[in-house]
2 protein chains.
Amino acid sequence: MSSPTLSDVARAAGVSYATADRVINKRGNVADKSIAKVRDAVETLGYVRNVAAANLSRGRVYRLAFLVPKGANAFFDIIREQIQHASDHLSADRVHVKMVEVSAFAVDSLQYSIAALAHQNLDGVAIVGLENKRLEGPLDELRAKGVAVVGLVSDLPEEFRSAYIGIDNIVAGRTAARMVGMAHAGGAGHVQTFVGSMDARDHAERLQGFRQVIESDFPKIALLDPIMTKDEGALLQAQTTQLMKENADLTALYNVGAGNSGLIKAIASFGPARPFCVVHELVPHSRQALLDGHIDLVIDQRPDIEVNRAFTVLRALIDEREVPPMPDLMPTIYVRDNLPAYPLTELMKAKVT
Amino acid sequence: MSSPTLSDVARAAGVSYATADRVINKRGNVADKSIAKVRDAVETLGYVRNVAAANLSRGRVYRLAFLVPKGANAFFDIIREQIQHASDHLSADRVHVKMVEVSAFAVDSLQYSIAALAHQNLDGVAIVGLENKRLEGPLDELRAKGVAVVGLVSDLPEEFRSAYIGIDNIVAGRTAARMVGMAHAGGAGHVQTFVGSMDARDHAERLQGFRQVIESDFPKIALLDPIMTKDEGALLQAQTTQLMKENADLTALYNVGAGNSGLIKAIASFGPARPFCVVHELVPHSRQALLDGHIDLVIDQRPDIEVNRAFTVLRALIDEREVPPMPDLMPTIYVRDNLPAYPLTELMKAKVT
DNA sequence: CTCAAAATGATATACGTCTATCAAAAAATG
DNA sequence: CATTTTTTGATAGACGTATATCATTTTGAG
């Protein structure tokens with residue numbers, strides 16, 4: 001049973017190939033009666049364009065851009081690596097990937113950079129965004145040019161992108177709280193959270209989720225007021241050190257945002273009677289801290305799946321095809337025993353002989 | 001910068017297209033000197049075959065088979081759904097997927113079914129296998145016909161397949177133990193494990209990993225002798241019920257294998273002072289048990305990623321291309337808060353407008 | 001040097017779709 | 001009815017590769 005071609009459709013509809021092509025590709029100059037016949041034949045035969053043949057014919061090159069924050073953030077280093085790795089492989093498939101770096105989470109830079117994308121003859125873009133109205137104009141312009149737009153890791157205004165690829169941060173916070181509660185084994189405790197900024201939506205949501213679960217399911221656990229850290233490692237280190245000196249009854253720490261290197265340093269200097277400790281994102285220093293026993297858990301947002309999904313979704317949008325099945329994307333709990341292989345680039349491939 | 005074609009290679013090598021084709025495709029009748037020139041040009045230009053163009057020209061259809069156990073096992077129901085879902089999408093890409101069901105983990109059936117695959121004009125097969133010498137002959141025959149063979153979920157003899165796609169069960173057991181230890185918050189306890197069969201390699205390995213971590217990192221926890229269950233729900237239910245009557249100091253349960261429905265029933269009838277409970281595989285009843293609070297954790301082997309990887313690897317093997325980057329495959333910890341959407345087939349796709 | 005075998009090159013056609021052009025047929029308008 | 005406009009069909013060639021055939025050239029053996 002072979003796949004129907006457009007010739008088959010034309011024959012079944014009783015029109016010429018040229019007319020069938022005009023209908024399928026909405027080229028115009030086709031009578032309504034002929035349009036209906038072709039549409040019917042497509043439905044009956046289950047015709048699906050052979051995208052590979054079309055791409056060959058057109059000399060298609062997919063031009064994608066990933067707009068990611070620049071700067072010293074280990075998580076986005078991993079995102080960049082993942083994009084680069086996929087890009088290296090895809091070049092043989094006529095997929096060109098441009099990585100555009102913008103100042104981290106700055107609306108002005110983001111607005112400007114998105115506007116600049118409209119002049120770059122792209123087919124699709126994945127943007128680490130912000131849900132800010134000022135991005136709507138440039139996004140509209142991009143999409144008006146037929147560019148597929150998806151939000152990655154941090155969303156864009158919803159009506160102005162075709163998909164969001166990232167975790168639910170309330171879920172991430174709830175998951176962290178579940179683990180903290182579990183580690184208290186029904187006992188009482190005092191838990192300290194660190195937040196980079198309550199203005200950062202992901203931080204606010206994670207904290208919200210964390211509170212929900214602690215309050216509803218672990219009422220014996222007291223939540224201390226969050227400490228604001230601006231995601232600065234040095235600040236986290238100082239605050240953690242002081243905190244642990246002053247609070248002998250501290251049972252757990254949860255860092256909602258970044259700056260983990262400072263937290264890890266403070267904990268490492270404290271010794272084995274440290275509080276239970278949960279951080280986000282599996283990056284080199286959090287991985288090492290897990291292995292060294294300085295922290296207990298990492299809640300990860302799976303950059304490997306996020307980037308894989310971004311490419312898959314963009315490709316489907318550009319080809320105007322249904323999105324194929326993709327791996328689930330949920331906040332993932334890593335302990336020291338279930339860590340993926342490292343370095344990423346080496347053993348991400350299955351062992352193939 | 002466009003991708004080089006074989007015409008470019010021929011020109012650079014100073015040979016005809018026909019000769020370059022003969023070299024690339026190992027058709028023979030080419031002098032060593034010409035072979036070297038073509039190889040050199042390929043290297044210099046970075047030529048990679050346009051697989052899509054070649055497939056179009058050849059009228060290629062990928063014929064894949066998945067050999068999976070039949071019978072009432074919820075995990076393999078999910079594997080089957082994942083395969084079916086991917087298959088539905090791939091049919092438009094000239095990929096035909098046949099699902100072959102064999103008696104669960106029976107060497108004879110497996111041997112027979114693998115042998116039968118050799119007569120079916122396939123390009124690639126993924127097999128839920130066993131590491132048994134009796135499978136070597138049929139696998140050898142398959143591969144001699146140029147069929148790509150990968151092990152899925154349960155491995156095949158290593159020299160007789162090109163890749164294994166599945167979790168490390170020692171890691172799975174270690175992860176479960178880490179969580180059980182964590183849930184004891186440094187306190188003492190008594191932990192009961194249930195094992196389907198010590199003859200099942202995955203069960204033996206999970207138990208091994210579990211023991212490793214409890215013994216080395218949680219010395220206050222006493223491990224009771226494993227209870228053999230044959231993966232039968234009724235047996236598990238009876239044994240669990242009796243166990244909890246007789247052991248008031250039981251602090252945790254860990255089921256290495258299947259039969260979770262029985263375990264869950266016994267726990268559900270026990271009430272809120274139940275022991276901490278860990279099972280494997282996120283399937284409808286274990287999901288519900290998480291949500292109902294009857295169990296605490298599910299360690300899942302990610303059928304979504306396993307099937308996604310199987311298709312990716314098989315495709316790369318058939319095309320004789322490098323395997324592209326794929327999502328990491330590690331035992332994943334699910335609590336009630338980080339569950340992927342259900343039913344699978346509906347929300348596996350990103351929200352696409 | 002001659003002849004046979006091996007190597008090489010040229011050529012044509014296929015795949016399914018896209019793109020473009022022009023001729024022919026049908027429909028609409030005055 | 002004549003003319004114009006719209007619709008339709010036919011045709012050709014492109015994309016990069018595979019496949020096949022046959023002619024030509026080169027190489028090796030006697």
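In what follows, chains carry the letters A, B, and so on, assigned in the order in which the sequence lines appear, proteins first and then strands, with residues in each chain numbered from 1.
- Rounded to an integer number of Å, the gap from A:N29 CG to D:dT5 P is 13 Å.
- The minimum heavy-atom distance linking B:A10 with B:A20 is given by the pair CB-CB, 3.9 Å.
- Computed from coordinates, the A:I24 CD1 to C:dC18 C1' distance equals 13 Å when rounded to whole Å.
- Two residues are said to be in side-chain contact when any heavy atoms from C-beta on lie closer than 4.5 Å; B:V9 and B:T5 fail this criterion.
- Distance from the side chain of B:S16 is smallest to C:dG9 among C:dG16, D:dG9, C:dG9.
- The side chain of B:N55 contributes no N or O atom lying less than 4.0 Å from OP1 or OP2 of C:dC15.
- You'll find the side chain of B:R321 reaches within 4.5 Å of the side chain of B:V51, heavy atoms only.
- Checking B:N132, B:L130, B:L156 one by one against B:L110, the side chain to side chain contact (heavy atoms under 4.5 Å, CB included) holds for a single residue, B:L130.
- Each of B:V307, B:D304, B:L329 was scored for a side chain to side chain contact (heavy atoms under 4.5 Å, CB included) with A:P327, with one residue passing: B:D304.
- B:A316 approaches B:E322 most closely through the heavy-atom pair CB-O, 3.9 Å.
- Atom NZ of A:K33 is separated from atom C1' of C:dA27 by 10 Å (rounded to the nearest Å).
- Residue A:Y47 has a polar side-chain atom (N or O) positioned under 4.0 Å from OP1 or OP2 of C:dT17.
- Among the atoms of the strands shown, none is found under 4.0 Å from any heavy atom of A:V51.
- In this entry the distance linking CG of B:D319 with P of D:dA18 reads 11 Å, nearest Å.
- Looking at heavy-atom distances under 4.0 Å, A:D21 makes contact with a base.
- In terms of phosphate contacts, A:T19 brings a side-chain nitrogen or oxygen within less than 4.0 Å of OP1 or OP2 of D:dG9.
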Give the dot-bracket line for DNA chain D from 5' end to 3' end: parentheses for intra-strand Watson-Crick or G-U pairs under 3.5 Å, square brackets for crossings, | for inter-strand pairing, dots for unpaired.
||||||||||||||||||||||||||||||

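- A salt bridge links B:R80 and B:D77; the closest N-O separation between the charged side-chain nitrogens and carboxylate oxygens is under 4.0 Å.
- At whole-Å resolution of the value, OH in A:Y17 and P in C:dG16 are 10 Å apart.
- With salt bridges taken as basic N to acidic carboxylate O contacts below 4.0 Å, none links B:R309 and B:E306.
- Rounding to whole angstrom units, CG of residue B:D32 and P of D:dG28 are separated by 11 Å.
- Distances were taken from every side-chain heavy atom of A:R49 (C-beta onward) to each of C:dG16, D:dA18, C:dC18; the shortest belongs to C:dC18.
- Remark: the A:R49 side chain and the A:N25 side chain contain an N/O donor-acceptor pair separated by less than 3.5 Å.
- In this structure, the nucleotide among D:dG16, D:dG9, D:dA18 sitting nearest to the side chain of A:R22 is D:dG9.
- With 3.5 Å as the limit, one finds a donor-acceptor pair spanning the side chains of B:Y62 and B:R315.
- Nearest to the side-chain atoms of B:A53 among the listed nucleotides D:dG9, C:dG9, D:dT17 stands D:dT17.
- Taking 4.0 angstrom as the limit, B:R27 places a side-chain polar atom (N or O) nearer than this to OP1 or OP2 of D:dT19.
- Side-chain atoms of A:S34 and A:R22 include no donor-acceptor pair closer than 3.5 Å.
- Computed from coordinates, the B:D8 CG to D:dG16 P distance equals 8 Å when rounded to whole Å.
- Residue B:S57 places none of its side-chain N or O atoms closer than 4.0 Å to OP1 or OP2 of D:dT17.
- The nucleotide whose nearest atom lies closest to any side-chain atom of B:L56 is, among D:dA10, C:dC15, D:dT21, C:dC15.
- Within a heavy-atom distance below 4.0 Å of DNA chain C, no residue of residues 36-46 of chain B is found.
- Between the CZ atom of A:R94 and the C1' atom of C:dT17 there is a distance of 16 Å, given to the nearest Å.
- Each of B:G59 and A:R58 was assigned the nucleotide of DNA chain C with the nearest heavy atom; the assignment lying further toward the 5' end belongs to B:G59.
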